[in-house]
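Read through the structure below, which is laid out as structure tokens, and then see the notes.
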Amino acid sequence: MKETQASRNPFPHSDSNKRYHTWDYALRKKFGGKVFKVSLDAGFSCPNIDGTRGRGGCTYCSYAFHRQTPDSLLEQFRTSQALLHKKWPDAVQYIPYFQANTNTYAPLDELKAKYEAVLGEEGIVGLAVATRADALPEDVCDYLAELGKRIWLMVELGLQTVHDETARKINRGHTMAEFLEGYEKLRARGIPVCVHIINGLPGEDKEMMLETARQVAALRPDCLKIHLLHVIEGTPMAESYKRGEFRALELSEYVDIVCDQLELLPPETILQRVTGDGLKETLIAPLWSLKKLVVMNEIDKELLRRDSWQGKFYRP
């Protein structure tokens, strides 16, 4: 049999040239085929916007929310489903993703109505819910645990950084200790968790970003999203950037940091993202991030150059 790059790959959780545990690979292994994640805006606010924990949101956030009903959520889902099916005619499996703002920040009855509405659609194999660690009351956690017994469930928790000083600068609205409290609420109930972190936050150097990866690795999350800081027009972060108070990462810096972080992570942790998407119309910096495939290819090439892979330097 002819040797291929994939067959030479030393990373066990891969059937391609990827040297990290990709989301696509994990979903195909679990569900037996391609699965599409469909982003939804349920119209929730955020405790860091309305004054409960803070006002104005995180400084990088270009938030907007408009009240949605279960019917309007179904319309969103079906519209996205039709677009996906047009591009991929064989698309039959979907995970609705409650993405915008804080998707456990509402009365339990409202959460149930909105979640359950989309779960009744054909082809749904799971549910993903993005939220904050300080918006997880006990009754909501109990409901999520019950829901997770009926359908595959992933709760996504924004951490962004383990450094409380940075969190204060970006108006994050909670501490690392509070994040851990929310994280443990979910893990104690057996609920899978995806942690979000951001590289390139103002004031952070490479070692600080690696320390975030180390502390997240110690938590052994089911999934991780590594985001690149996007400076978005209309945000407080954009004004700070225009005043020259910080600089955006260069592509080579970002690739180096991500590869170092991957080496520190448990090999079982699934990487849902290793970079982020930015809208050309509102993105100020870094503009190189608009070429997402280029960024991902550079990460692949750097891991190959190093003869490295996710978890190479992970120590439980």
Side-chain angles (χ1 to χ4, degrees), residues 42 44-61 63 97-112 115 127-149 153-199 201 203-204 208-227 261 264-266 268-270 272-273 316:
F44 296 122
S45 180
C46 174
N48 198 32
I49 292 174
D50 69 6
T52 302
R53 295 305 302 264
R55 292 196 178 277
C58 302
T59 58
Y60 55 76
C61 181
Y63 64 88
Y97 176 32
F98 285 73
Q99 180 179 21
N101 296 320
T102 305
N103 292 273
T104 58
Y105 189 54
L108 183 57
D109 287 346
E110 182 180 350
L111 297 179
K112 287 182 176 180
Y115 295 173
L127 179 71
V129 177
T131 189
R132 290 167 55 95
D134 56 358
L136 290 168
E138 298 294 337
D139 61 341
V140 170
C141 290
D142 289 342
Y143 167 64
L144 291 171
E146 183 274 323
L147 191 59
K149 294 175 182 177
L153 173 72
M154 179 74 67
V155 174
E156 303 199 10
L157 283 185
L159 169 60
Q160 320 318 358
T161 177
V162 302
H163 305 286
D164 286 345
E165 178 185 357
T166 304
R168 285 191 294 273
K169 287 179 180 177
I170 64 174
N171 194 39
R172 181 65 193 156
H174 66 63
T175 63
M176 178 61 178
E178 289 171 310
F179 171 85
L180 291 174
E181 182 181 349
Y183 181 85
E184 291 303 329
K185 281 184 181 181
L186 298 172
R187 295 309 293 263
R189 291 169 169 84
I191 300 170
V193 180
C194 177
V195 177
H196 294 207
I197 63 174
I198 297 177
N199 288 331
L201 291 169
E204 292 206 350
M208 293 175 75
M209 295 177 228
L210 295 185
E211 181 58 24
T212 290
R214 290 188 192 97
Q215 292 193 34
V216 169
L219 297 175
R220 298 180 67 93
D222 301 275
C223 288
L224 176 65
K225 282 184 177 179
I226 301 177
H227 291 275
Q261 290 173 324
L264 298 171
L265 297 173
E268 298 82 12
T269 294
I270 300 161
Q272 286 201 36
R273 278 188 181 275

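Excluded from the calculations below are hydrogen atoms, water molecules and symmetry mates; all remaining heavy atoms, backbone and side chain alike, are included.
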Salt bridge or not for R214 and E211, using N-O below 4.0 Å? yes
Any salt bridge between R189 and E146, counting N to O under 4.0 Å? no
Do you know the tightest heavy-atom contact between [X] and [Y]?
| X | Y | answer |
| --- | --- | --- |
| P47 | A135 | CG-CB, 4.4 Å |
| T102 | C46 | OG1-SG, 3.3 Å |
| P221 | R187 | CA-NH1, 3.7 Å |
| E178 | G173 | OE1-O, 4.5 Å |

Got a second to check how far [X]'s [atom1] is from [Y]'s [atom2], nearest 0.5 Å?
| X | Y | atom1 | atom2 | result |
| --- | --- | --- | --- | --- |
| L159 | K225 | CG | NZ | 14.0 Å |
| H227 | Q272 | NE2 | CD | 9.0 Å |
| L108 | C141 | CG | SG | 10.5 Å |
| E181 | L186 | CD | CG | 11.0 Å |
| I170 | C61 | CD1 | SG | 10.5 Å |
| L224 | E156 | CG | CD | 10.5 Å |

Consider side-chain hydrogen bond (donor to acceptor under 3.5 Å, both in side chains). Of D134, N48, T52, T131, which one does Y105 pass it with?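 By the side-chain hydrogen bond (donor to acceptor under 3.5 Å, both in side chains) criterion, Y105 pairs with just one of D134, N48, T52, T131: T52.
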Heavy-atom side-chain proximity of [X] to [Y] below 4.5 angstrom:
| X | Y | answer |
| --- | --- | --- |
| V162 | F179 | no |
| T104 | F98 | no |
| Y60 | R172 | yes |
| L136 | L157 | yes |
| F44 | N103 | yes |
| R220 | E268 | yes |

Between T161 and I197, does the side-chain contact (heavy atoms from CB on, under 4.5 Å) criterion hold? Intermediate values first, please. CA-CA 6 Å; T161 177; I197 63 174; over 6 Å; no
Hey, is the main chain of C194 close enough, under 3.5 Å, to the side chain of D222 for a donor-acceptor pair?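 Looks like no, no N/O pair under 3.5 Å.
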Residue of the set E165, K169, H163 for which side-chain contact (heavy atoms from CB on, under 4.5 Å) holds with E204: H163
Could you go through L219 and L180, starting from their C-alpha distance and side-chain angles, then the distance that decides it, and tell me whether this counts as side-chain contact (heavy atoms from CB on, under 4.5 Å)? CA-CA 9 Å; L219 297 175; L180 291 174; 3.7 Å; yes
L144 vs Y115, side-chain contact (heavy atoms from CB on, under 4.5 Å): CA-CA, chis, key distance, verdict: CA-CA 10 Å; L144 291 171; Y115 295 173; 4.1 Å; yes
